[in-house]
Amino acid sequence: MRAAGFDYLLFVSAVDRPAEARFEMIYLISRYDDGRQLALLSDLPREAAEIDTVSGIWAAADWHERETFDMFGIVFRGHPFLRRILLDEDWPGHPLRKDYVD
């Protein structure tokens with residue numbers, strides 16, 4: 001998609017779908033030249049949820065992937081600095097999972 005002119009990553013996030021035992025990854029990318037936007041979706045198994053990082057393609061993914069890791073526990077393989085960004089390192093669990101207990 002980068003080669004097709006989609007040169008800006010607007011955000012990365014996820015949706016927890018525990019009844020279906022999966023996460024839905026959402027990437028929103030855009031083109032500066034004409035403003036077109038495209039949403040990319042990917043399903044991940046809820047157990048051992050992992051996906052390759054896109055931070056080497058779109059630098060903006062760095063913090064978005066860290067936030068998604070922090071809130072959902074999804075691992076981004078190859079991320080250069082994958083660690084919590086909003087919560088303390090010793091925070092138990094991932095607050096945006098629907099089975100999270102505070």
Check: Are Val12 and Tyr8 connected, step by step, through hydrophobic side chains (Ile, Leu, Val, Met, Phe, Trp, Tyr) whose heavy atoms are closer than 4.5 Å?
Finding: no
Next item on the list: Verify, without hydrogens or angle tests, whether Trp63 (side chain) and Ile85 (backbone) share a donor-acceptor contact under 3.5 angstrom.
Entry: no
Note to self: Give me the atom names and distance for the closest heavy-atom approach of Ala60 to Leu9.
What the structure shows: CB-O, 3.8 Å
Next item on the list: Might you work through the side-chain contact (heavy atoms from CB on, under 4.5 Å) test for Asp7 and Arg2, ending with a clear yes or no?
Entry: CA-CA 6 Å; Asp7 47 8; Arg2 179 71 185 229; 4.3 Å; yes
Next item on the list: List the atom of Ser55, the atom of Pro80, and the distance in Å for their closest heavy-atom pair.
Entry: OG-CD, 3.4 Å
Notebook entry, point to check: Between Tyr100 and His94, is any pair of side-chain heavy atoms under 4.5 Å apart?
Noted result: no
Check: Same cluster or not: are Ile26 and Leu96 linked, directly or through other Ile, Leu, Val, Met, Phe, Trp or Tyr residues, by side-chain heavy atoms under 4.5 angstrom apart?
Finding: no
Notebook entry, point to check: How many angstroms lie between atom CZ of Phe81 and atom OG1 of Thr53, to the nearest 0.5 angstrom?
Noted result: 13.5 Å
Check: Parallel, tilted or perpendicular: which fits the ring planes of Phe23 and Phe72, with parallel below 30° and perpendicular above 60°?
Finding: perpendicular
Checklist line | Closest contact, heavy atoms only, Arg84 versus Gly93 | finding: NH2-O, 2.6 Å
Next item on the list: Verify, without hydrogens or angle tests, whether Glu65 (side chain) and Val54 (backbone) share a donor-acceptor contact under 3.5 angstrom.
Entry: yes
Check: What about Phe6 and Leu10, same hydrophobic cluster or not, with Ile/Leu/Val/Met/Phe/Trp/Tyr joined at side-chain heavy-atom distances under 4.5 Å?
Finding: no
Next item on the list: For residues 23-40, pull every pair meeting salt bridge (charged side-chain N to carboxylate O under 4.0 Å, His left out), keeping only residues two or more places apart or in separate chains.
Entry: Arg17-Glu24, Arg22-Glu24, Arg31-Asp33, Arg31-Asp34, Asp34-Arg36
Notebook entry, point to check: Would you call Pro95 and Leu86 a side-chain contact if the rule is heavy atoms closer than 4.5 Å?
Noted result: no
Notebook entry, point to check: Pairs in or reaching into residues 35-56: which pass ring pair (Phe, Tyr, Trp, His ring centres under 6.0 Å), with residues at least two apart or in two chains?
Noted result: none
Next item on the list: Check the hydrophobic clustering (I, L, V, M, F, W, Y; side-chain heavy atoms under 4.5 Å; chains of links allowed) and say if Leu87 and Val75 are grouped together.
Entry: yes
Next item on the list: State, with a plain yes or no, whether a side-chain heavy atom of Phe11 is found less than 4.5 Å away from one of Glu67.
Entry: no
Note to self: Testing the basics here: between Phe76 and Leu82, what is the closest heavy-atom pair and its distance to 0.1 Å?
What the structure shows: N-CD2, 3.5 Å
Check: Is there a donor-acceptor pair closer than 3.5 Å between any side-chain N or O of His64 and the backbone N or O of Ser13?
Finding: no
Next item on the list: Please round to the nearest 0.5 Å and tell me the distance separating atom CG of Leu28 and atom CG of Leu38.
Entry: 8.0 Å
Checklist line | Cluster check Ile29, Leu41: I/L/V/M/F/W/Y, side chain < 4.5 angstrom | finding: no
Notebook entry, point to check: Can you name the closest pair of heavy atoms from Met25 and Ile51 and give their distance?
Noted result: CG-CD1, 4.3 Å
Next item on the list: Return yes when atom CD of Glu50 has more than 12 non-hydrogen atoms of other residues, nucleotides or ligands closer than 6.0 Å, and no otherwise.
Entry: yes
Check: Pairs in or reaching into residues 92-102: which pass salt bridge (charged side-chain N to carboxylate O under 4.0 Å, His left out), with residues at least two apart or in two chains?
Finding: Arg46-Asp99
